[in-house]
Amino acid sequence: MEQIQNYIGGELVEPASQGYLENFEPATGEVYSLIADSDERDVEAAAAAAKAAFPAWSTTSSEERFAILMRLCGLIERDLEILAQAESRDNGKPITLARTIDIPRAVANFRFYATAAMHLANESHDTVGRNAINYTLRQPLGVVGCISPWNLPLYLFTWKIAPAIAAGCTVVAKPSEVTPMTAQLLSKLCIEAGLPAGVLNIVHGLGPKVGSAIVGHRDTKAISFTGGTKTGEEIARTAAPMFKKLSLELGGKNPNIIFADCNYEEMLATSVRSSFSNQGEICLCGSRIFVERPLYDRFRNDFVERVKALKVGDPADDGTDVGAIVSKQHFDKIMSYIELAKKEGGEILTGGNSILFPAETRNHKGWFIEPTVIEGLPFDCRTNQEEIFGPVVTIQPFDSEEEVLGYANSVRYGLSATVWTENLSRAHRMAASLESGIVWINCWLLRDLRTPFGGLKDSGVGREGGFEAVRFFTEEKNVCVKISSE
Ligand code: NAD
């Protein structure tokens, strides 16, 4: 069985423990590969390799860094199909999604940051009347830690690594232990692209062992983390007293707000996508749908009909809309929330069950859940307040802007929100009043990599994206030069 190994000092190496964890394929429920069960010894080796590589990498010209990262882009594009199959198999997501979103976005991340780092400029100020020039010197931080989740494995892993490397830092990174396969393939492509040894080091294994060792390591100067809010709290507890720079991209419970004057067909099609893409396992999915009362009955009927038509099936099939849930543990969590919703008085309009495929299919032991739509729940019940992160949405009517803003902003999270209306003034009013890091008006998941990305409230601190992400991996000095004596 394939062994997923660490990438340290430019080589694929065994974990110090020589132990391996089982890696499951969600669509079959079977173990299909083994993943290095690393610990603080491997993190120590990775940090030492990163530290040794830093002096040369931080002084490599930006043109040379650009050339290496662009070579890597070319190799990811060359292997797009292999990577998409690996991502779909590891995560349970439909192959079409991996092929059209996840892997192309990994290329876009490297390309964007390779280019951005070439264009980053430092400010200088003529301190008039004092015969001085002040300028800002931005230097790469050193060794940094990048930790990512399982839902968009290569997409989010590269979203962190690319700006760090482009900025001139060297990296100790950890992908989720639930979806390690594309990071393993990336290690091989980094070797082929000629990325110098130690610039990127990937340590596989469990969060409390490997992740916490990266966060607590004396040499990691910054931590860029995407994952759950509870894990983010733990990371902040360790990193804050060590005065590390922190970027935390955490959970969400996003509202999808539909006014009666919206472009109905576009709203309907997009709302199905924003609810159930990637089995609802995208931090930006809208899981609470609020519909203005005059449109409510029409929307409910049409939405339920469209959701019933979604094809849940083998992620490897091109025709599949909704694949498998990433792990048994996560499957159990989602099912427990469906039970909770029923106890809280929710009526299941469609879905609500796990799916058992016939014994003769390869999916009969996989973890599948029907896309589920629930109505009749108050905005402040647990189902509507806690992150479920699965194919489960609630729908609820509203009568006024004020009322729906109260519902939307009632949660501890503030990651993203969507508003559907043709009323321009209302769109801007809503955008200003929603407590949310991103507000999409009449669209969803439309991203421009130049814009800052991140959440408000318990959805995180710090911003990724744009030049900000490159700046995050630098430290800034003010240099004041006296140019003549007074
Ligand atoms: P998670 O917090 O369980 O794990 C994320 C990563 O952290 C994994 O690599 C894990 O091994 C590691 N980890 C776990 N414990 C750790 C510790 N004590 N110290 C250091 N690292 C540790 O999250 P998950 O279940 O993999 O991902 C789902 C969550 O991620 C959801 O809450 C989702 O909303 C969130 N998410 C947020 C964004 C965003 O941009 N805000 C994007 C995607 C996912």
Side-chain angles (χ1 to χ4, degrees), residues 21 23 35-40 43 90-91 93 101-102 105 109 145-161 172-180 182-183 202-217 220 223-239 244 246-254 277-287 325-327 329-334 337 386-390 411-416 436-438 445 447 452-465 469:
L21 304 161
N23 187 30
I35 162 173
D37 183 11
S38 313
D39 56 34
E40 67 287 347
V43 172
D90 227 16
N91 172 276
K93 69 179 62 205
I101 306 245
D102 290 63
R105 175 58 188 269
N109 288 338
C146 298
I147 302 175
S148 60
W150 49 256
N151 64 322
L152 302 165
L154 194 64
Y155 173 138
L156 288 174
F157 196 54
T158 54
W159 177 233
K160 298 176 172 307
I161 288 167
V172 180
K174 188 192 111 49
S176 170
E177 61 275 28
V178 184
T179 52
T182 42
I202 300 177
V203 186
H204 291 277
L206 301 173
K209 273 209 268 186
V210 176
S212 60
I214 294 173
V215 175
H217 197 284
T220 50
I223 301 296
S224 173
F225 170 80
T226 300
T229 295
K230 207 165 174 321
T231 316
E233 276 170 32
E234 266 178 59
I235 288 174
R237 254 196 300 277
T238 305
K244 297 189 183 208
L246 266 184
S247 170
L248 302 174
E249 301 297 340
L250 310 176
K253 187 75 179 173
N254 310 310
S277 284
N278 208 40
Q279 303 71 246
E281 297 166 338
I282 299 179
C283 55
L284 304 166
C285 278
S287 53
I325 301 300
V326 75
S327 67
Q329 191 191 13
H330 194 54
F331 170 91
D332 289 341
K333 177 185 155 186
I334 297 168
Y337 270 105
E386 298 175 13
E387 186 184 42
I388 300 173
F389 212 51
V411 294
R412 64 190 288 221
Y413 300 106
L415 191 53
S416 76
S436 178
I438 309 170
L445 210 63
R447 287 276 298 125
F453 175 88
L456 307 183
K457 295 158 71 176
D458 291 2
S459 290
V461 291
R463 287 291 174 269
E464 302 192 348

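Just follow the structure's listing: the first ligand is 1, and inside any ligand the first atom is 1. Note that the structure is a prediction, hence the values are computed from the model and not measured.
Backbone and side-chain nitrogen or oxygen atoms of Thr226 are examined, and none is located within less than 3.5 angstrom of a nitrogen or oxygen of ligand 1.
Those atoms of ligand 1 with a heavy atom of Leu156 less than 4.0 angstrom away are 42 (C), 43 (C). Interface atoms of ligand 1 facing Asn151, defined by a heavy-atom separation under 4.0 Å, are 43 (C), 44 (C). Numbered from 1 in the order shown, with element, the atoms of ligand 1 that lie under 4.0 Å from a heavy atom of Glu387 read 31 (C), 32 (O), 33 (C), 34 (O). Of all the atoms in ligand 1, the ones that sit under 4.0 Å from a non-hydrogen atom of Ser176 are 9 (O). Those atoms of ligand 1 with a heavy atom of Phe453 less than 4.0 angstrom away are 40 (O). Near Leu415, the atoms of ligand 1 lying under 4.0 angstrom from a non-hydrogen atom of the residue are 41 (N). Distances below 4.0 Å separate heavy atoms of Pro175 from the following atoms of ligand 1: 9 (O). Close approach of ligand 1 to Lys174 is summarised as follows: ligand atoms under 4.0 Å from at least one heavy atom of the residue are 9 (O), 10 (C), 11 (O), 12 (C).
In terms of protein heavy-atom proximity, atom 19 (N) of ligand 1 is nearest to Ser212 N, 3.5 Å. Here the protein heavy atom with the shortest distance to atom 37 (C) of ligand 1 is Leu250 O, 3.1 Å. When only non-hydrogen protein atoms are considered, atom 16 (C) of ligand 1 lies nearest to Thr231 CG2, 3.3 Å. Scanning all protein heavy atoms for the shortest distance to atom 36 (N) of ligand 1 gives Cys283 CB, 3.7 Å. Distance from atom 23 (O) of ligand 1 to its nearest protein heavy atom, with residue and atom name: Gly228 N, 3.3 Å. If you check which protein heavy atom lies closest to atom 28 (C) of ligand 1, you get Phe389 CE2, 3.7 Å. At the shortest separation from atom 35 (C) of ligand 1 among protein heavy atoms lies Gly227 O, 3.2 Å. With respect to atom 27 (O) of ligand 1, the closest heavy atom belonging to the protein is Pro149 CB, 3.3 Å.
Taking both residues in full, the closest heavy atoms of Phe225 and Leu250 are given as CE2-CD2, 3.5 Å, listed atom of the first, atom of the second, then distance. Between Ile202 and Ala183, the shortest heavy-atom distance links the atoms CD1-O, 3.7 Å. In terms of heavy-atom proximity, His330 sits nearest to Val326 at CB-CG1, 4.0 Å. A pairwise comparison of heavy atoms in Lys174 and Val203 identifies CG-O, 3.2 Å as the closest pair. The minimum heavy-atom distance linking Gly437 with Leu456 is given by the pair N-CG, 3.7 Å. Considering every non-hydrogen atom in both Gly251 and Ser459, the closest pair reads O-OG, 2.6 Å.
Taking all heavy atoms of Ser148, Gly145, Gly211 into account, the minimum distance to atom 8 (C) of ligand 1 is reached by Ser148. Looking at His204, Glu233, Glu177 and measuring to atom 11 (O) of ligand 1, the nearest heavy atom belongs to Glu177. Considering only non-hydrogen atoms, atom 17 (C) of ligand 1 lies nearest to Gly207 out of Gly207, Gly437, Ala213. In this comparison of Trp150, Tyr413, Trp159, Phe225, the heavy atom closest to atom 24 (P) of ligand 1 sits on Trp150.
When each of Val178, Asp90, Leu156 is checked for a side chain to side chain contact (heavy atoms under 4.5 Å, CB included) with Trp150, only Val178 meets the rule.
Side chains of Glu387 and Tyr413: no donor on one and acceptor on the other come within 3.5 Å. Side-chain contact check for Ser148 and Lys160: no donor-acceptor pair (N or O, by modelled atom type) lies under 3.5 Å. Side-chain contact, Ser247 with Glu464: a donor N or O sits under 3.5 Å from an acceptor N or O. Judged purely by distance below 3.5 Å, without hydrogens or angles, the side chains of Asn278 and Asn151 never pair a donor atom with an acceptor atom.
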Inset, instruction - Before giving the answer on side chain to side chain contact (heavy atoms under 4.5 Å, CB included), spell out for Glu233 and Asp458 the whole-Å C-alpha distance, their side-chain angles and the decisive distance to 0.1 Å. - result: CA-CA 9 Å; Glu233 276 170 32; Asp458 291 2; 5.8 Å; no
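Only the side chain of Glu234 comes within contact range of ligand 1, with a heavy atom under 4.0 Å; no backbone atom does.
In this structure, atom 40 (O) of ligand 1 is in close contact with the protein, since a protein heavy atom lies within 4.0 Å of it.
Qualifying side-chain contact (heavy atoms from CB on, under 4.5 Å) partners for Ala173, counting only residues two or more places apart in sequence or in other chains: Cys146, Phe157, Ile161, Val171, Leu200.
For the atom pair CD1 of Ile388 and NZ of Lys333, the computed distance is 8.0 Å after rounding to the nearest 0.5 Å.
A heavy-atom separation below 4.0 Å is not found between Gly455 and ligand 1.
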